[in-house]
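Take a look at the structure set out below.
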Amino acid sequence: MIQILHNPRCTKSREGLKFIQDQGIQPEEIRYLDHPLTAEEIKSMLKKLGIPAIDWIRKNEAIYKEVYKHKELNDDQWAEAMAQHPKLIERPVVINGDKAVIGRPVENIKSIL
């Protein structure tokens with residue numbers, strides 16, 4: 001089952017969802033702003049992504065600039081921050097089993113389908 005961490009108000013997230021649907025796949029949508037991920041779920045997702053937490057952070061978000069920009073946090077601390085402030089999470093993220101990719105650019109999604 002393909003899943004997508006999705007924010008329907010985000011253009012890039014909508015593009016990612018459409019890309020998947022255009023492949024004939026109806027993914028499970030995880031609307032992480034409505035139902036925030038726990039820090040443990042975020043840590044699990046980081047393993048699937050295979051990247052450090054800082055690479056999954058939206059650095060243009062106000063909360064990042066106001067609170068986190070000049071802090072050096074480890075992955076566990078970033079996971080806690082993302083759980084508290086889900087807007088920090090870069091989207092969309094497409095998950096297929098034990099692998100995941102950030103769908104920016106949307107072409108990244110091809111590698112996981």
Side-chain angles (χ1 to χ4, degrees):
M1 165 62 81
I2 303 292
Q3 299 173 301
I4 183 170
L5 290 183
H6 182 55
N7 175 359
R9 291 181 295 231
C10 171
T11 301
K12 296 294 184 186
S13 195
R14 288 193 308 268
E15 287 174 7
L17 178 59
K18 183 179 181 325
F19 180 85
I20 296 167
Q21 291 170 331
D22 287 349
Q23 310 308 307
I25 300 167
Q26 184 56 47
E28 175 189 355
E29 290 181 44
I30 301 169
R31 296 191 178 191
Y32 67 96
L33 292 178
D34 296 334
H35 306 284
L37 302 173
T38 66
E40 290 306 314
E41 289 170 323
I42 290 168
K43 290 176 198 175
S44 174
M45 191 67 61
L46 284 167
K47 288 179 185 172
K48 292 178 183 188
L49 286 164
I51 61 173
I54 190 66
D55 291 348
W56 195 20
I57 298 290
R58 293 177 54 85
K59 295 170 186 78
N60 287 326
E61 284 295 323
I63 188 71
Y64 175 80
K65 292 176 182 178
E66 294 166 8
V67 178
Y68 297 103
K69 185 175 184 176
H70 299 291
K71 292 186 178 180
E72 292 197 25
L73 304 180
N74 64 35
D75 283 355
D76 288 346
Q77 292 167 321
W78 277 121
E80 291 291 338
M82 288 187 274
Q84 289 177 357
H85 307 285
K87 286 186 176 185
L88 287 172
I89 296 173
E90 184 66 80
R91 70 242 174 197
V93 172
V94 179
I95 306 110
N96 188 355
D98 64 350
K99 300 285 183 193
V101 295
I102 298 173
R104 284 177 180 247
V106 73
E107 291 79 24
N108 287 354
I109 296 171
K110 288 180 190 177
S111 70
I112 200 156
L113 298 181

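Small disclaimer: the values here were computed from a predicted structure and weren't measured.
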With side-chain contact (heavy atoms from CB on, under 4.5 Å) as the test, would you mind laying out the steps for Leu37 and Met82 before giving the verdict?
CA-CA 8 Å; Leu37 302 173; Met82 288 187 274; over 6 Å; no
Applying side-chain contact (heavy atoms from CB on, under 4.5 Å) to Tyr68 and Leu88, what does each step give before you reach the verdict?
CA-CA 10 Å; Tyr68 297 103; Leu88 287 172; 3.9 Å; yes
*asked:* The test is side-chain contact (heavy atoms from CB on, under 4.5 Å); show your working for Ser44 and Lys48 and say whether it passes.
replied: CA-CA 7 Å; Ser44 174; Lys48 292 178 183 188; 4.2 Å; yes
Report task. Take Asn60 and Lys65, measure what side-chain contact (heavy atoms from CB on, under 4.5 Å) needs, and give me the verdict at the end. Result -> CA-CA 7 Å; Asn60 287 326; Lys65 292 176 182 178; 4.2 Å; yes
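When all heavy atoms of Met45 and Ala100 are compared, the closest pair comes out as SD-CB, 4.2 Å. The minimum heavy-atom distance linking Ile42 with Trp56 is given by the pair CG2-CZ3, 3.7 Å. Scanning all heavy atoms of the two residues, the minimum distance from Ile4 to Leu17 falls at CD1-N, 3.7 Å. Across all their heavy atoms, Ala39 and Ala79 have their closest contact at O-CB, 3.9 Å. The minimum heavy-atom distance linking Ile57 with Ala53 is given by the pair CG1-O, 3.4 Å. For the pair Pro86 and Ala83, the tightest heavy-atom approach, listed with the atom from each and the gap, is CD-O, 4.0 Å.
Within the model, atoms CG of Leu5 and CD of Glu28 stand 10.0 Å from one another, a figure rounded to the nearest 0.5 Å. Interatomic distance, Asp55 CG to Trp78 CH2, rounded to the nearest 0.5 Å: 11.0 Å. Separation of atoms CZ (Arg58) and CD1 (Ile89) is listed at 10.5 Å; rounding is to 0.5 Å. The line from CG of Leu46 to CD1 of Ile51 is 6.5 Å long, rounded to the nearest 0.5 Å. A distance of 6.5 Å separates CZ of Arg91 from CG of Leu33, quoted to the nearest 0.5 Å.
Within a 6.0 Å sphere centred on NZ of Lys59, heavy atoms belonging to other residues, nucleotides or ligands number more than 12.
Within the structure, the side-chain hydrogen bond (donor to acceptor under 3.5 Å, both in side chains) test picks out the following pairs touching residues 16-25 (sequence neighbours left out): Lys18-Asp22, Gln21-Gln26. Here salt bridge (Lys or Arg N to Asp or Glu O under 4.0 Å) pairs that include residues 71-87, with residues two or more places apart or in two chains, are Lys43-Asp76.
Val101 and Ile54 fall into different hydrophobic clusters, defined by Ile, Leu, Val, Met, Phe, Trp and Tyr side-chain heavy atoms under 4.5 Å apart, directly or through other members. Ile30 and Val94 are not part of a single hydrophobic cluster, where members link through side-chain heavy atoms under 4.5 Å apart.
Side chain of Arg14 to backbone of Pro8: a donor-acceptor contact under 3.5 angstrom is found.
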What pairs of donor and acceptor atoms, side-chain ones from residues 106-113 against any protein atom, are under 3.5 angstrom apart with sequence neighbours left out?
unit_1: Asn108; atom_1: ND2; unit_2: Ile102; atom_2: O; d: 3.1
unit_1: Asn108; atom_1: ND2; unit_2: Arg104; atom_2: O; d: 2.9
unit_1: Ser111; atom_1: OG; unit_2: Asn108; atom_2: O; d: 2.8

